[in-house]
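Quantities reported herein were computed from a predicted structural model and do not represent experimental measurements.
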Amino acid sequence: MIPSATYRIQFRNGMTFDRVAALVPYLKDLGISHLYASPVFTATAGSTHGYDVTNPNEIDPAIGGRDGFDRMAAALKQAGMGLILDIVPNHMSTSLENAWWRDVIEYGQQSRYFRYFDIDGSRPLTLPFLGDTFEAELEKGAIDIVRDTVTGKPSLVYYDTAYPLNPGTYSEEKSIAELHEAQSWRLMSWREAPKQLSWRRFFEIIGLVGVRVEDDAVFDDTHRLILELVHAGVVDGLRIDHVDGLADPLGYLQRLREKTGPDCYITVEKILAKGEQLPADWPVSGTTGYEFIASLAEVLVDDDNLSRLETIHDETLGITVDRHAELRDAKGLMTDRNFEGEFTTLLNLAEDLARRNEVALPREEIRHALRELLIAFPVYRTYGTREGLTPSDVALLNRVVASVETSEAALSLIVHILTGDLPEDCRESAALFRTRFQQLTGPLMAKSVEDTLFFRHNLELALNEVGADPTPRAFSLSRFHQDMRIRLARQPDALLGTSTHDTKRGEDARARLYTLTEAPERWGDNLARWRQMNQTQVRFLNDGTAPNAADTWMIYQALAGVWPATLSPDDADGLKSLEERFLGFLEKALREAKQRTDWIDSNESYESVVLSYARHLLSPDNALFLQDFSEAMQPFIRAGLMNSLSQTVIKLTAPGVPDIYQGSEALNFSLVDPDNRREPDFNALVHNLSAADATVFDNPACWRDGRVKQFVTATLLRLRPHYDALFRYGDWLPLKVSGEREENLIVYARVKDEEALIVAVPRLVFDVTDNHQLWVNTTVAIPEELAGKRYRDLFSGESRILQETLDLTSEKGCVLVLLTCE
């Protein structure tokens with residue numbers, strides 16, 4: 001069953017099954033067909049997200065256990081709603097609470113679970129969980145031998161963690177160092193992980209170890225409870241986390257589809273580059289919708305003014321930023337440092353295959369070619385199998401190779417390995433290289449773009465989003481319409497996401513920040529004034545100004561995005577709450593940029609000054625600035641709320657399944673995680689929905705507290721189940737706009753047989769201060785097949801017969817959604 005709308009709930013941090021069960025009436029009233037749950041299987045104690053699973057075959061007692069889960073499922077079933085689970089096939093936690101992982105540590109390759117994890121068995125299992133080297137920690141007295149009080153078995157204990165010793169290795173005559181040397185594993189500093197890790201991580205996280213679900217037995221054992229819940233009719237759909245991490249995504253998805261049956265709704269978390277499509281042979285309904293966010297930017301960014309914003313940005317920084325060069329630098333850093341071990345594994349395999357095929361190439365030549373190929377790779381990954389690459393992947397590889405300047409002989413070797421064009425006795429090693437290469441390009445892209453470049457290059461923060469294009473490009477309304485038609489053809493049942501637990505900013509913060517491209521001069525003047533007002537807080541350190549110009553630009557723009565629409569500049573409690581959130585974001589942003597400070601080696605002097613600067617900005621004592629900031633932000637706030645409404649209406653009427661991230665039916669001005677995982681005020685949401693009607697449009701307070709957005713969301717969601725074919729399969733038809741505001745409208749129709757929906761929403765309305773002037777002297781051409789029919793205005797309730805021209809001048813609303821009357 002395809003959902004008509006999903007609602008994402010983040011469990012943990014106080015959110016339990018019983019609390020969600022109590023919210024079911026609200027979700028039903030909102031128009032939600034399926035609850036979309038974050039991971040619910042047992043995870044590391046205290047987990048805030050659930051992706052660090054320790055037992056995939058148990059519902060986590062921390063959020064209510066199986067009994068609580070069953071109560072929630074029963075409440076959903078009684079309300080006629082379905083349930084979608086977020087599952088994590090790629091990795092598990094390396095906590096010793098994970099019995100399978102603990103068993104591997106204790107029994108090494110004799111453990112029945114050794115092959116469950118993606119481990120290089122040719123060397124000891126590395127455990128990079130020490131704060132310093134083993135020798136240094138031993139000298140400090142941080143490591144000891146203690147017998148387990150229950151089993152009586154000796155363990156090597158580091159603070160609160162007891163590592164089980166291999167059977168038969170303990171002897172009182174051995175020193176701790178000798179005992180450590182006798183194990184099948186080695187404790188080491190976390191700093192050594194990028195170089196020496198003997199197992200596959202999730203991205204850079206040593207707390208998560210890769211799982212080999214390509215092995216049938218491993219698949220069966222990790223999916224036992226998942227499939228039981230699907231077959232019992234308790235779970236209706238699955239969201240596959242990080243599908244690109246798997247050795248064979250297609251093979252996994254085919255097996256999952258075979259096991260779940262044809263009716264299970266399956267989507268994959270997959271980031272598509274601009275113009276890239278999901279492989280057509282994947283047996284899924286589509287992605288979780290990151291690419292839809294990028295499509296919305298096409299219509300909400302003012303392309304005519306973007307270059308002017310860029311000029312002001314470069315003048316402020318005193319340099320011209322080359323984003324292509326910045327991307328190359330970020331990918332080079334990740335390749336050389338953060339993923340050094342994964343890169344070295346590939347290099348060793350390539351060098352060995354060169355030797356076995358009598359290709360005489362220096363190691364450095366192969367290294368350079370491999371590095372250049374990885375840096376130039378434009379998508380997250382290819383989908384080759386043991387036999388080689390698909391024809392489309394070969395075409396992609398050839399395009400990339402043509403753009404790389406390096407040793408042709410070394411590049412040719414790597415291409416032969418990737419395509420499988422090698423003798424039979426090399427096929428096994430080539431297949432391993434291909435798998436490891438494909439499992440590296442995704443994390444390399446993610447960490448280079450999302451978690452480095454997007455914290456370095458801050459021209460327009462709304463564009464620094466998961467799935468966005470990292471290099472400059474033009475934006476256009478026509479390309480948006482093209483994207484929607486492609487979406488209708490390729491993945492009409494995929495999720496339409498605008499906020500998730502992984503987005504860099506909430507959807508309404510992005511909607512507001514898009515407006516900077518409409519008024520770059522005003523933004524530049526504001527910024528110059530604010531910097532001057534707070535200049536006394538700038539410090540001069542040994543490594544330069546703090547905060548520097550680039551970070552200052554980022555700080556004010558981030559503050560502009562997160563500033564609550566209802567916040568008064570003299571609200572001390574509100575400012576304090578905002579400060580706590582903003583400082584956490586700022587520390588993360590500085591470290592992710594990896595320039596003046598870093599997660600690996602933090603620069604406390606720089607961080608301290610920048611955080612103090614931010615505290616000063618939000619201090620009640622800084623009243624002059626706060627008043628000025630609040631007043632200057634008002635036109636951006638107003639235009640942002642209009643953008644918010646437009647993107648909401650588009651999401652709820654576009655091809656696909658609208659996904660409402662918890663609380664985003666109202667306004668979401670969140671920052672990057674963990675801020676975006678905060679629980680919304682459900683009591684207020686329930687109350688506001690129960691009292692909502694069309695009068696909210698005329699109340700300015702209802703715009704600022706989210707009631708307008710919530711009312712529009714509920715109105716359209718409640719409609720969708722009654723017009724399933726129209727929303728799922730209806731053609732996407734752009735309509736021609738003429739007149740004074742023709743550049744300020746997005747107008748289209750969804751058409752299926754005799755049913756039609758006509759949608760008109762505003763764009764680029766920063767300079768329009770009166771909502772009643774939004775569409776003055778503007779008309780829409782109604783195609784012949786849509787004219788002469790009676791339509792109902794979904795928000796006013798009025799009905800009308802449309803002729804061949806629709807005059808919008810007299811329209812009083814901010815958005816217009818017309819549905820054919822039955």
Side-chain angles (χ1 to χ4, degrees), residues 1-11 17 20-21 23-24 27-28 30-41 50-51 53 56 59 69-70 72-90 213 219 222-243 246 249 252-270 278 282-290 292 487 490-498 500-502 651 655-662 717 720-721 724 727-728:
M1 175 184 174
I2 306 300
S4 65
T6 61
Y7 192 96
R8 170 77 176 203
I9 286 282
Q10 292 296 111
F11 285 98
F17 298 129
V20 170
L23 288 172
V24 167
L27 300 180
K28 180 72 173 178
L30 186 64
I32 300 298
S33 69
H34 287 67
L35 176 72
Y36 168 22
S38 68
V40 299
F41 303 104
Y51 289 96
V53 175
I59 304 293
F69 178 84
D70 288 344
M72 180 188 75
L76 288 167
K77 194 72 72 179
Q78 186 174 5
M81 295 173 63
L83 176 61
I84 296 169
L85 291 188
D86 188 345
I87 65 170
V88 194
N90 177 69
V213 287
F219 178 100
T222 53
H223 288 67
R224 203 163 56 246
L225 179 54
I226 293 167
L227 294 173
E228 173 195 315
L229 293 170
V230 170
H231 294 155
V234 176
V235 168
D236 306 279
L238 301 172
R239 179 260 197 193
I240 314 304
D241 182 67
H242 189 46
V243 71
L246 305 180
Y252 169 80
L253 293 171
Q254 287 174 330
R255 184 173 180 83
L256 184 66
R257 175 57 72 193
E258 174 195 347
K259 294 287 187 179
T260 61
D263 296 330
C264 184
Y265 177 69
I266 300 176
T267 59
V268 292
E269 184 200 26
K270 161 68 185 165
L278 206 61
W282 283 14
V284 300
S285 287
T287 71
T288 54
Y290 293 132
F292 181 68
R487 191 171 191 85
R490 296 297 296 267
Q491 46 172 346
D493 296 327
L495 290 180
L496 296 163
T498 41
T500 75
H501 59 289
D502 282 331
K651 179 170 85 168
V657 177
D659 172 39
I660 312 299
Y661 183 68
Q662 58 177 31
L717 287 186
R720 291 179 64 94
D724 182 62
F727 283 103
R728 286 184 65 189

task = May I have the step-by-step check of side chain to side chain contact (heavy atoms under 4.5 Å, CB included) for Thr267 and Val657, ending in yes or no?
result = CA-CA 11 Å; Thr267 59; Val657 177; over 6 Å; no

remark   = Between Leu496 and Pro655, the two heavy atoms sitting closest are CD2-O, 3.3 Å

request  = Determine, step by step, whether Lys651 and Ile660 satisfy the side chain to side chain contact (heavy atoms under 4.5 Å, CB included) criterion, reporting the C-alpha distance in whole Å, the side-chain angles of both residues, the deciding distance to 0.1 Å, and the verdict.
outcome  = CA-CA 10 Å; Lys651 179 170 85 168; Ile660 312 299; 3.9 Å; yes

task = Apply the side chain to side chain donor-acceptor pair (under 3.5 Å) test between Arg8 and each candidate in Asp86, Thr500, Asp659; give the one that qualifies.
result = Asp86

ask   = So, for Gly31 and Ala5, which heavy atoms are closest and what is the spacing to 0.1 Å?
value = O-CB, 3.9 Å

task = Calculate, to the nearest 0.5 Å, the distance between atoms CD1 and CG belonging to Ile2 and Asp493 respectively.
result = 4.0 Å

message = Just verifying a value: how many Å separate Ile240 CD1 and Trp282 CH2, rounded to the nearest 0.5 Å?
response = 10.5 Å

task = Evaluate the ring planes of Tyr51 and His501, with Trp represented by its six-membered ring, and classify them as parallel (under 30°), tilted (30 to 60°) or perpendicular (over 60°).
result = parallel

task = List the steps and the verdict of side chain to side chain contact (heavy atoms under 4.5 Å, CB included) for Thr498 and Tyr661.
result = CA-CA 8 Å; Thr498 41; Tyr661 183 68; over 6 Å; no

ask   = Are any of the side-chain heavy atoms of His223 and Val213 separated by less than 4.5 Å?
value = yes

task = Validate the cation-pi geometry between Arg255 and Phe219: distance from NZ or CZ to the six-membered ring centre under 6.0 Å, angle to the ring axis within 45°.
result = yes

task = For Tyr290 and Asp502, run side chain to side chain contact (heavy atoms under 4.5 Å, CB included): C-alpha distance rounded to whole Å, both residues' side-chain angles, the deciding distance at 0.1 Å, then the answer.
result = CA-CA 10 Å; Tyr290 293 132; Asp502 282 331; 3.8 Å; yes

message = If I compare all heavy atoms of Phe727 with all of Arg720, which pair ends up nearest, and what's the gap?
response = CD2-NH1, 3.4 Å

message = Just so I know, are the side chains of Val235 and Leu238 near enough to count as touching, which here means a heavy-atom distance under 4.5 Å?
response = yes

query = When rounded to the nearest 0.5 angstrom, what distance separates OG1 in Thr260 from CD1 in Ile266?
reply = 4.0 Å

key: Nearest non-hydrogen partners of Pro56 and Val53, listed with the distance   = N-CG1, 3.6 Å

key: Side chain to side chain, Asp236 and Met81, heavy atoms closer than 4.5 Å   = no

note = Minimal heavy-atom distance between Met1 and Tyr265, with the atoms involved, is O-CB, 3.7 Å

message = So, taking the atom named CG in Leu85 and the one named CZ in Phe41, what distance separates them when rounded to the nearest 0.5 Å?
response = 5.5 Å

message = Just so I know, are the side chains of Val24 and Gln78 near enough to count as touching, which here means a heavy-atom distance under 4.5 Å?
response = no

ask   = Roughly how far apart are Lys77 NZ and Asp70 CG, rounded to 0.5 Å?
value = 11.5 Å

task = Please answer whether the main-chain N or O of Phe11 pairs with a side-chain N or O of Ser38 as donor and acceptor at a distance below 3.5 Å.
result = yes

ask   = Going by heavy atoms in the side chains, are Tyr7 and Gln662 under 4.5 Å from each other?
value = yes

inquiry  = Looking at Gln491, is its backbone amide N or carbonyl O close enough to the side chain of Arg487 to form a donor-acceptor pair, meaning the two atoms are under 3.5 Å apart?
reply    = no

key: CG-NZ distance between Leu227 and Lys259, expressed to the nearest 0.5 angstrom   = 7.5 Å

query = Looking at Cys264 and Gly237, what are the two nearest heavy atoms and their distance?
reply = SG-CA, 3.9 Å

